[in-house]
**Q** 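There's a structure below that I have some questions on.
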Number of protein chains: 2
Amino acid sequence: MEGGQLQTIETSQSLAERLYVTLRGEIVEGQIGAGTKISEPELARRFNASRGSLREALMRLESLGLLERRVNVGARVVDLTERGLLDLYEVREALEGMACRLAAQHRSDEDLAELRQMLAHHEQQEELQAGQAYFQPEGDFDFHFRIVQASKNDLLIDTLCNRLYFRVRMYRYQLGMASPRAKRAFREHNHIIEAIEAGDGELAELLMRRHIRASRNNIEKKLTKET
Amino acid sequence: MEGGQLQTIETSQSLAERLYVTLRGEIVEGQIGAGTKISEPELARRFNASRGSLREALMRLESLGLLERRVNVGARVVDLTERGLLDLYEVREALEGMACRLAAQHRSDEDLAELRQMLAHHEQQEELQAGQAYFQPEGDFDFHFRIVQASKNDLLIDTLCNRLYFRVRMYRYQLGMASPRAKRAFREHNHIIEAIEAGDGELAELLMRRHIRASRNNIEKKLTKET
DNA sequence: TTTCCTCAGATTGTCAACACTTTGGCTGTG
DNA sequence: CACAGCCAAAGTGTTGACAATCTGAGGAAA
């Protein structure tokens, strides 16, 4: 439902880690805008922390791909480019496709129950707000998130959930790519889960790839129209 | 041919970065064995560096997935598990398959020329050492490396070349997974490049995925035999 | 003997000060 | 006016010291 779900924030593990989580949120949601130059002393003052702890947080953000650092020059928030967004979708297509295939292979009753329950919840929401899709993005996110978890491949889970999805959310927040395909996306989600339930990994992968590629094409169209 | 190619070591950018590169090499090649506990003061003394700089290097290694750190406890080198190796191949299958598809779509004359030249070089090497395949792993590495470069997807390139491939090399060095399929692998490489040359992304992807899955199956068989 | 507690040693997290590099404006010259 | 070179201010990289935390050995009690 919410960001904290992605990486449990156990109350105050270490200062650097809390700074990392906080800054990550502000960058993703755009409070620190894309392209912004980061000043270590300034941020350190703001959080009443030392530069050392702050630097640790910055470095994690760098390896998350949210920051770019150049030696002796400093850090700046990455730019959001069309190319970057489209690239992201291509990688997601590959990885989440594989996640579906694996989820279908290892399908466990618990995972299936959870997925079904989630879909029911989404359906209910959608009926309430017939067509207005701006609640769907988080729901859509949930969907993809849980499918990946069901793949049981730790490397895949880490790559997507602890890495790429932050970039996804950053683009969503700041370029506002709320898909206007709510109803259709919901149907697609259903078909994917059915394939997983049937243990048909090949089909599940194909459907997920098509699902993501449809979003990508949608965005590509919107972008070429604007420019 | 060699590690330095993966990330250009411009002479002394920053101490922390040099420490990072050095340690990364030692972990990948097993001089610092898998599972080893890292002592910050000890390593700092060894390199005549301060703990701060060393910690920066350690954190990068953590986000590379070569180290695991727990707050107030310390860092240790990751364990190499069968599950981890198999997971890695599944992710590679997905990503490198996509890389092939993209390489076929954007196929440029330069990339193709380079790929062809590289294959010719490999063939020559292989004839010299007919069958003995322990030079092939690096060649195989080169092959996959360059295919990914040709995809032109920066996120994909970064994920594979600056992240996953270090893990691949770590497994290769320490579990010695030199494929005994040298000749066959070479033929498969050839077919993949032909598909890319023909602009047939779908086929290129399929061939690459099959190629990687064959390696994975090979390893899986070897592992179940040993245990 | 086993279990729990205590405490010293070692290790990690955090900080403030120092050294070096970059940046942007200023001066002086062509 | 344009341009190269210099200078000060700000920023980053690096260091050593201090504070908080964990680990493990040793001893006391059940």
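The structure displayed is predicted, hence computed values, not measured ones. Because only heavy atoms are used, hydrogens play no part in the values below, and waters and symmetry mates are left out as well, while side chains stay in. Just so we're on the same page: letters track the sequence lines, and every chain starts at 1.
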**Q** Could you give the side-chain donor-acceptor pairs of residues 61-74 of chain B under 3.5 Å, partners two or more places apart or in another chain?
**A**
unit_1 : atom_1 : unit_2 : atom_2 : d
S63(B) : OG     : S63(A) : OG     : 3.3
S63(B) : OG     : R60(B) : O      : 3.0

**Q** Which letter, B, S or -, goes with each nucleotide of nucleotides 6-19 of chain C from 5' to 3', with contact meaning a protein heavy atom under 4.0 Å?
**A** ------BBBB----
**Q** Do the rings of H189(B) and F143(B) sit parallel, tilted or perpendicular, given the 30° and 60° boundaries?
**A**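 Geometry flag for F143(B) against H189(B): parallel rings.
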**Q** Quick one: does H121(A)'s side chain have a donor or acceptor within less than 3.5 Å of a partner on Q117(A)'s backbone?
**A**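 Side chain of H121(A) to backbone of Q117(A): no pair is present.
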**Q** Distance under 6.0 Å and angle within 45° of the ring axis: does R169(A) meet both against Y171(A)?
**A** no
**Q** Determine yes or no for a side-chain-to-main-chain donor-acceptor pair under 3.5 angstrom, with Y89(B) supplying the side chain and I219(B) the backbone.
**A**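 No.
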